[in-house]
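What follows is one structure encoded as structure tokens, with my remarks underneath.
Letters go in sequence order (proteins before strands), and every chain restarts at 1.
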2 protein chains.
Amino acid sequence: MPVTRHIPESTIRRISHYLRALEILESQEATTVSSEELAQRGGTTAAQVRKDLSHFGSFGKRGLGYSVAELADRLRDILGLKCRWRVVLVGAGRIGSALFEYPYFVQRGYDCVAVLDSDPEKIGMSWGPVRIRPVEELELVISSLKGDIVILAVPPEAAQDLADRAVEAGVRAILNFAPVQLRVPAEVHVTYVNLVLELEALSFAITQAGSRT
Amino acid sequence: MPVTRHIPESTIRRISHYLRALEILESQEATTVSSEELAQRGGTTAAQVRKDLSHFGSFGKRGLGYSVAELADRLRDILGLKCRWRVVLVGAGRIGSALFEYPYFVQRGYDCVAVLDSDPEKIGMSWGPVRIRPVEELELVISSLKGDIVILAVPPEAAQDLADRAVEAGVRAILNFAPVQLRVPAEVHVTYVNLVLELEALSFAITQAGSRT
DNA sequence: CCTAGATTGTGACTAATTTCACAAGCGACT
DNA sequence: AGTCGCTTGTGAAATTAGTCACAATCTAGG
Ligand SMILES: NC(=O)c1ccc[n+]([C@@H]2O[C@H](COP(=O)([O-])OP(=O)(O)OC[C@H]3O[C@@H](n4cnc5c(N)ncnc54)[C@H](O)[C@@H]3O)[C@@H](O)[C@H]2O)c1
Ligand SMILES: NC(=O)c1ccc[n+]([C@@H]2O[C@H](COP(=O)([O-])OP(=O)(O)OC[C@H]3O[C@@H](n4cnc5c(N)ncnc54)[C@H](O)[C@@H]3O)[C@@H](O)[C@H]2O)c1
């Protein structure tokens, strides 16, 4: 891999898409794929695919395309999917339980090592092999189970405080479902899932399209 | 509102954030706000806030800032939140039910007018006032209930087919939770929620940061 | 009425990202 | 070995997004 310069966020997103496309191709027992085909499946252009990949090295064979298995392997490496990640889930509500039961995360290397909540009715319940713990144990859980990633699926009022505590306990990555902007030190990475925002993007687009003259 | 040129997607996202910030300010009974303050709450810079707003007109008073109530009103207008949207939810599984029960959608103007599924065990069940219908009724529901937005919370294999049917029935906007890129005509708007992708962005970032020399 | 202090709106500049275009490289076939 | 068809990798060009700096303009207060 070449010297790691800054890689655009959008490139990473597309790399994820390419990997998913490659996995489908793998299951169909395709052995090679062209940038053109990857582009179609990933919803972009062939030139973009090649540019994205060129940030990390050159993995293809001219005249032939990319080896499906080899490229998939390289992309997993790039995305950090060669190891398993320990995820701590905070908030055992609707979103939390949907995530917990989603099998694809485990398949991709994300193991939910602990679930925490503040609701006395939920604490102590068992979700499969995992028992829901009181949220007071957050720091303990992160340090003792070596949590890498915290998922916040809690009400917006609670999110910042929990983020602070998680960061303090050493977590470097947070996935936040609460519709608030978290304030964290620069070395901590946060991604957001904000469903209302997605709907608003849609209603803006429809309104806009309709009112165009 | 000035002639509607192309507005960056990222501007729309930020506008959503500003609106959320303004609603919090409204509840705290603030009457005016500066671009600087909005920027802090929205996680961006003051210049960006002003640039974003300038795409749509000029809403502030120099020397004073923006009227909280007035700006919120204008942003709701821009985002198309002045009317109620009729949402058709396809897939009454884990994600579907979490969405259905989320009160903030209704508060923001998105009403779930129908829920559909293909599972005979689920069809006929009542979710509050809504009865789960067979997915065969998709076209009927969209046209008779005038659905504006379809949410796809179904397995990836089913998503493209359902999207095609929804588009055929006249839907102009789709929110897709299935991890596949949908192929739709250009006039149809699609947004994606892809949780695995968010986690992958995080594991990339952590891996990257660690290996930096 | 006039000045001081604050904050917007915007055009020029800078940075980032995407698209383009094509030389270079590979395999297959003769 | 030589040629042909195809596809990558990549610098350069074009486009798009974001930052900066400041004139314009508002309120408040004397
Ligand atoms: N449900 C949705 O469809 C949806 C959509 C968009 C955004 N969200 C956001 O996702 C977050 C979770 O939503 P949800 O629908 O799962 O909510 P929920 O109310 O179903 O679950 C929240 C859980 O967090 C727990 N909790 C509250 N305070 C806590 C604390 N301090 N520490 C630990 N746990 C705490 C609660 O006991 C509850 O179990 C919210 O911020 C919500 O705004 C949800
Ligand atoms: N649960 C998660 O945390 C999560 C995370 C990321 C992505 N997703 C994606 O979201 C989608 C939904 O996930 P889920 O966890 O809710 O799945 P789920 O299995 O709980 O629910 C899917 C629902 O869709 C229904 N369905 C299947 N085929 C259908 C069809 N042709 N027409 C109508 N309904 C049909 C099923 O009966 C089921 O009720 C999937 O594409 C999944 O990959 C889920």
Hey, is [atom1] on [X] packed in by over 12 heavy atoms from elsewhere, all under 6.0 Å?
{"X": "B/K82", "atom1": "NZ", "answer": "yes"}
{"X": "B/Q28", "atom1": "CD", "answer": "yes"}
{"X": "B/E187", "atom1": "CD", "answer": "yes"}
{"X": "B/R183", "atom1": "CZ", "answer": "no"}
{"X": "A/E168", "atom1": "CD", "answer": "no"}

Side chains of [X] and [Y] in contact at under 4.5 Å (non-hydrogen atoms):
{"X": "B/I151", "Y": "B/V87", "result": "yes"}
{"X": "B/R13", "Y": "B/S16", "result": "no"}
{"X": "B/Y18", "Y": "B/R41", "result": "no"}
{"X": "A/L182", "Y": "A/V180", "result": "yes"}

### Query
Should the pair A/D111-A/R84 be classified as a salt bridge under the 4.0 Å nitrogen-to-oxygen rule?
yes
#### Entry: Difference in axis direction between the ends of the helix from C/dC1-D/dG30 to C/dT30-D/dA1, five pairs, 10°
0°
### Query
For A/D119, which residues count as a salt bridge (charged side-chain N to carboxylate O under 4.0 Å, His left out) partner, sequence neighbours excluded?
none
### Task
Sugar-phosphate atoms are those with a prime plus P, OP1 and OP2; base atoms are the rest. Using that split, label each nucleotide of nucleotides 15-21 of chain C B, S or - for protein heavy atoms under 4.0 Å, 5' to 3'.
--SSBBB
## Note on the structure
A correct 5'-to-3' footprint of nucleotides 24-30 of chain C, with B, S and - meaning base, sugar-phosphate only and no protein heavy atom under 4.0 Å, is BBB----
#### Entry: Distance-only side-chain donor-acceptor flag, A/E198 / A/N194, under 3.5 Å
no
### Query
What is the distance from atom OG of B/S144 to atom CD of B/E137, rounded to the nearest 0.5 Å?
8.5 Å
#### Entry: Nearest-0.5 Å distance, CG of residue B/L53 to CD of residue B/Q48
10.0 Å
### Query
Where does the chain A footprint on DNA chain D start and end, counting 5' to 3' with a 4.0 Å heavy-atom cut-off?
D/dC6 to D/dA12
### Task
Identify, residue by residue, the members of residues 30-40 of chain B with a heavy atom below 4.0 Å from DNA chain C, and return them in order of residue number, or none.
B/S34, B/S35
### Task
For the pair B/W127 and B/F100, name the ring-plane relationship: parallel under 30°, tilted 30 to 60°, perpendicular over 60°.
tilted
